[in-house]
Amino acid sequence: VQMLGSPVEYDAVQLVEGDPDRWEFVTAYGRGGHTIAVLATIPGRVHAYRDAIANREEFPPLPRS
């Protein structure tokens, strides 16, 4: 499990990629309509969302390639 960002005082959580039943997913945390953190069970996937977190992009972020 990897996390990027700080999910402090978040007001929303949403699955943005994958399948939780297979334990392979990416979940985003939002606050005030902005992306503040991402948690992933897929190794390395959090890095694809680095800009979304750094730039406080709209929540939920679009899936990244």
S.K.: Between V8 and L4, is there shared hydrophobic-cluster membership here, with clusters defined by ILVMFWY side-chain heavy atoms closer than 4.5 Å?
M.R.: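 Shared cluster, no.
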S.K.: Using the side-chain contact (heavy atoms from CB on, under 4.5 Å) rule, take V13 and T27 through it: C-alpha gap first, then chi angles, then the decisive distance, then the call.
M.R.: CA-CA 7 Å; V13 178; T27 302; 3.2 Å; yes
S.K.: Please determine whether residues V1 and V46 belong to a single hydrophobic cluster, defined as Ile, Leu, Val, Met, Phe, Trp and Tyr linked transitively by side-chain heavy-atom distances below 4.5 Å.
M.R.: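 Different clusters: V1 never reaches V46 through Ile, Leu, Val, Met, Phe, Trp or Tyr contacts under 4.5 Å.
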S.K.: Do the side chain of T41 and the main chain of W23 share a donor and acceptor less than 3.5 angstrom apart?
M.R.: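 Pair found, side chain donor or acceptor close to backbone of W23.
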S.K.: So, T35 side chain and G30 main chain: donor-acceptor pair closer than 3.5 Å or not?
M.R.: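 Such a contact is absent between T35 side chain and G30 backbone.
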S.K.: Does E17 have any side chain to side chain donor-acceptor pair (under 3.5 Å) partners at least two apart in sequence or in another chain, and if so, which?
M.R.: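 Expected list: R45, Y49.
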S.K.: Which heavy atom of F25 sits nearest to which heavy atom of P20, and what is that distance?
M.R.: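 Looks like CD2-CA, 3.6 Å.
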S.K.: With distance as the sole test, does R31 use its side chain to make a donor-acceptor pair with the main-chain N or O of Y29 at under 3.5 Å?
M.R.: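 No, because the side chain of R31 does not come within donor-acceptor range (under 3.5 Å) of the backbone of Y29.
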S.K.: Does E57 come within less than 4.0 Å of R50, counting only side-chain N to carboxylate O?
M.R.: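 Looking at E57 and R50, the cut-off is not met.
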S.K.: Once you round to the nearest 0.5 Å, how far does CG of D11 lie from NE2 of H34?
M.R.: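 Answer rounded to 0.5 Å: 10.0 Å.
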S.K.: For Y10, is the OH atom crowded, meaning more than 12 foreign heavy atoms sit under 6.0 Å from it?
M.R.: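 No, not enclosed.
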S.K.: Mind checking whether I36 and S6 have side chains closer than 4.5 Å, heavy atoms only?
M.R.: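 A side-chain contact under 4.5 Å is absent here.
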S.K.: Would you say that more than 12 heavy atoms from the other residues, nucleotides or ligands in this model lie under 6.0 Å from the CG of L62, or not?
M.R.: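 Not buried by this count: 12 neighbours or fewer within 6.0 Å.
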S.K.: With no hydrogens and no angle check, is any side-chain donor or acceptor of Q2 less than 3.5 Å from a backbone partner on L39?
M.R.: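 Looks like no, no N/O pair under 3.5 Å.
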S.K.: With a sphere of 6.0 Å drawn around CD of E58, does it hold more than 12 non-hydrogen atoms of other residues, nucleotides or ligands?
M.R.: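 Result for CD/E58: open.
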S.K.: Indicate yes or no: at least one non-hydrogen side-chain atom of V38 is less than 4.5 angstrom from one of I53.
M.R.: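 The answer is yes; the side chains approach within 4.5 Å.
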S.K.: Kindly give the heavy-atom pair with the smallest separation between P61 and V16, and that separation in Å.
M.R.: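 It is O-CG1, 3.7 Å.
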